[in-house]
Peer 1: 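Got a structure for you, written out below as structure tokens; questions coming shortly.
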There are 2 protein chains.
Amino acid sequence: MVKQGDSAGTSGSSATLQFSVDRGSPVPLYFQLAQQLEAAIEQGKLAPGSLLGNEIELAGRLGLSRPTVRQAIQSLVDKGLLVRRRGVGTQVVHSQVKRPLELSSLYDDLEAAGQQPATRVLHYAVEPATATVAAALGVPEGSDVLFVERLRLAHGEPMAHLRNHLPSGLLTLGSAELERTGLYRLLRGAGITLHSARQTVGARAATAEEAAQLAEPQGAPLLTMERTTFDDTGRAIEFGSHVYRASRYAFEFQLLVRP
Amino acid sequence: MVKQGDSAGTSGSSATLQFSVDRGSPVPLYFQLAQQLEAAIEQGKLAPGSLLGNEIELAGRLGLSRPTVRQAIQSLVDKGLLVRRRGVGTQVVHSQVKRPLELSSLYDDLEAAGQQPATRVLHYAVEPATATVAAALGVPEGSDVLFVERLRLAHGEPMAHLRNHLPSGLLTLGSAELERTGLYRLLRGAGITLHSARQTVGARAATAEEAAQLAEPQGAPLLTMERTTFDDTGRAIEFGSHVYRASRYAFEFQLLVRP
DNA sequence: CAGTGGTCTAGACCACTAG
DNA sequence: TAGTGGTCTAGACCACTGT
């Protein structure tokens, strides 16, 4: 049982990197380690393809138990940043993994891209649920539903036409708030935990009205998305029916293969 | 330390269900339990919203340790079938979670839907990589790349036009095999481990040629997808550039929110 | 307050991969 | 054969939730 066998000097390996955990912190130890590993990968201190070093040695070096170290590593494997091979070791993945697809918010996406997003609320009213909306939200037909219709702009140019239906009483949504930020940010801010969503992405030609609203020629191809979002308990939170200018917008995402 | 405290009789709870593990099996214990829990949920034996019972008691009942039971439960939480709340318990999720988005194969999707998929190989040749393809695959421009162009049919009707580029030498793909099944199934069969993919989904109007191939009017809206697939080691395995008849096809998928 | 999941430890044996 | 990750155990203390 050798305690000290430092084969330091091999650049790109983890042996040369200094990780440390703070036991006084309320942040879980495995999470602290995971963050440091992720940062090292992102900054290139852990080269793609390099081995992480075995778990027992890493645990000993940090004063942690092996299960704790495994938990940290596993969380990064789940993110797609690391790959484990039995009998070989844990390696940093080569390719550029960014994010395994989130419940994307158009507003946030535009803002992140420096596109100066803006919103114009076209319609805002509580209405009885139609059959389609009632089915999507799992509420009785005719029950009260908040219907919001918005035009999303980037750099002053129309990008998308968004229609959302929300079960009445879930939250108090101001029309003014909807002009300032995205719906999902408002939902999260209201303490609603988004859990899953069912999405359908398709395409169709623009109607005359849509063409006018989006400044596209009539019959222009539009990207469509329908989405129902659920919370922890399985309640439907929101049903959206959106169209995007295909000339200006495309969905881009990374996905991981379930092992 | 009570070994037997069966509070049986509460229907819908897990207390009435009989789980058991086989220690002689090569299948991991946590996986056996996860499968049984998943089956019980799928068959409705564990009602949506019902509590699973605490982990210690479940472990005792099965003769397993708590970490093993936790591992089983965690795998179902990751799948979105269960929700854990501290101080409350583990509940079966209400909504219908099907699959958190896979690297979908059009062929498999059509087959699963009973659509009698067929493939017509239009083009099959090794060609020098163009700049676009070289960038997507991470190979030198002008290097050998297998270029495959296919028309996908369902019930004899054209559905999509598929163009794929694969680095030469990765596998021996027969044109005949491509008529019989999907590309991804062939890749997996060749022992290639798919790991992640970067996708872009958009829309545009059909060109004259595409319209003719897909039996759509000229200028009809088409759904487009570009995808680069990577394996474990980060090598690009395949670059696809596809168009789908928007009148016949849409992408539908479920996704989970990263906690 | 009692009960739940969240985290953590210090071991153990096994299956797989490589040289 | 040596080294790796994969699995498993039997405890422990803590944080949070509800009553």
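Remember, it's a predicted structure, so these values are computed and weren't measured experimentally. A note on names: the letters A, B, ... follow the listed sequences, proteins ahead of strands, and every chain is numbered from 1.
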Peer 1: Are A:Lys79 and A:Glu38 ion-paired here, with the side-chain N under 4.0 Å from a carboxylate O?
Peer 2: yes
Peer 1: Measure CD/A:Gln32 against P/C:dT7 and give the value in whole Å, please.
Peer 2: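 That distance rounds to 12 Å.
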Peer 1: Looking at A:Thr90, I'd like to know whether one of its side-chain N or O atoms comes within less than 4.0 Å of OP1 or OP2 on D:dT4.
Peer 2: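 False: A:Thr90 side-chain N/O out of range (4.0 Å or more) of D:dT4 OP1/OP2.
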Peer 1: Would you kindly give the CG-to-P distance between B:Leu33 and D:dT9, to the nearest whole Å?
Peer 2: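 From B:Leu33 CG to D:dT9 P: 11 Å.
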Peer 1: If you only use heavy atoms from C-beta on, which nucleotide in C:dG5, C:dC8, D:dC8 is closest to the side chain of B:Thr68?
Peer 2: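 Of the candidates, D:dC8 comes closest.
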Peer 1: Which one, C:dG5, C:dG11, C:dC8, comes nearest to the side chain of A:Pro67?
Peer 2: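 Given the options C:dG5, C:dG11, C:dC8, the side chain of A:Pro67 is closest to C:dG11.
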Peer 1: For D:dG5, which nucleotide is its Watson-Crick or G-U wobble mate, given both distances must be under 3.5 Å?
Peer 2: C:dC14
Peer 1: Taking only side-chain N and O atoms of A:Tyr30, does any of them lie within less than 4.0 angstrom of OP1 or OP2 on C:dT7?
Peer 2: yes
Peer 1: Under a 4.0 Å threshold between the charged nitrogen and the carboxylate oxygen, would B:Arg66 count as salt-bridged to B:Glu57?
Peer 2: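 No, this pair does not count.
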Peer 1: Name the closest nucleotide to the A:Gln71 side chain, picking from C:dT7, C:dA10, D:dT9.
Peer 2: C:dT7
Peer 1: C:dC8 P sits how many Å from A:Leu29 CG, rounded?
Peer 2: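 Going from A:Leu29 (CG) to C:dC8 (P), I get 4 Å.
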Peer 1: Would you kindly give the CD-to-P distance between A:Glu55 and D:dT7, to the nearest whole Å?
Peer 2: 11 Å
Peer 1: Could you tell me how far apart B:Leu58 (CG) and D:dT9 (P) are, to the nearest whole angstrom?
Peer 2: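 Going from B:Leu58 (CG) to D:dT9 (P), I get 13 Å.
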Peer 1: May I ask you to test the A:Val201-A:Phe251 pair for a side-chain heavy-atom distance under 4.5 Å?
Peer 2: yes
Peer 1: Tell me whether A:Arg198 is salt-bridged to A:Glu226, with the criterion being a basic N under 4.0 Å from an acidic carboxylate O.
Peer 2: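 A salt bridge is absent here (no side-chain N lies under 4.0 Å from a carboxylate O).
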Peer 1: Of the nucleotides C:dT4, D:dT9, C:dC16, which one has an atom closest to the side chain of B:Arg86?
Peer 2: C:dT4
Peer 1: Between B:Glu111 and B:Arg185, is the closest basic N to carboxylate O distance under 4.0 Å?
Peer 2: yes
Peer 1: Does A:Arg23 put a side-chain nitrogen or oxygen below 4.0 Å from OP1 or OP2 of C:dT9?
Peer 2: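 Result: yes.
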Peer 1: Could you tell me whether A:Ile56 contacts a base, only the sugar-phosphate backbone, or nothing, with contacts defined as non-hydrogen atoms closer than 4.0 Å?
Peer 2: nothing
Peer 1: By nearest heavy atom, map B:Val88 and B:Arg70 onto DNA chain C; which one lands nearer the 5' end?
Peer 2: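 Here B:Val88 is the residue nearer the 5' end.
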Peer 1: At less than 4.0 Å, is any side-chain N or O atom of B:Asn54 found next to OP1 or OP2 of C:dG3? Yes or no.
Peer 2: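 Result: no.
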Peer 1: Roughly, in whole Å, what's the span from CZ in B:Arg66 to P in C:dC8?
Peer 2: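 Whole-Å distance recorded here is 13 Å.
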Peer 1: Atom CZ of B:Arg84 to atom C1' of C:dG3: distance rounded to whole Å?
Peer 2: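 Taking atom C1' of C:dG3 as the reference, CZ of B:Arg84 is at 16 Å.
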Peer 1: In whole angstrom, what separates A:Leu82's CG from D:dT4's P?
Peer 2: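 To the nearest whole Å, that distance equals 16 Å.
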Peer 1: Under 4.0 Å from OP1 or OP2 of D:dG5: is there any side-chain N or O of A:Arg85 that close?
Peer 2: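 It does not, given that no N or O in the side chain of A:Arg85 lies less than 4.0 Å from OP1 or OP2 of D:dG5.
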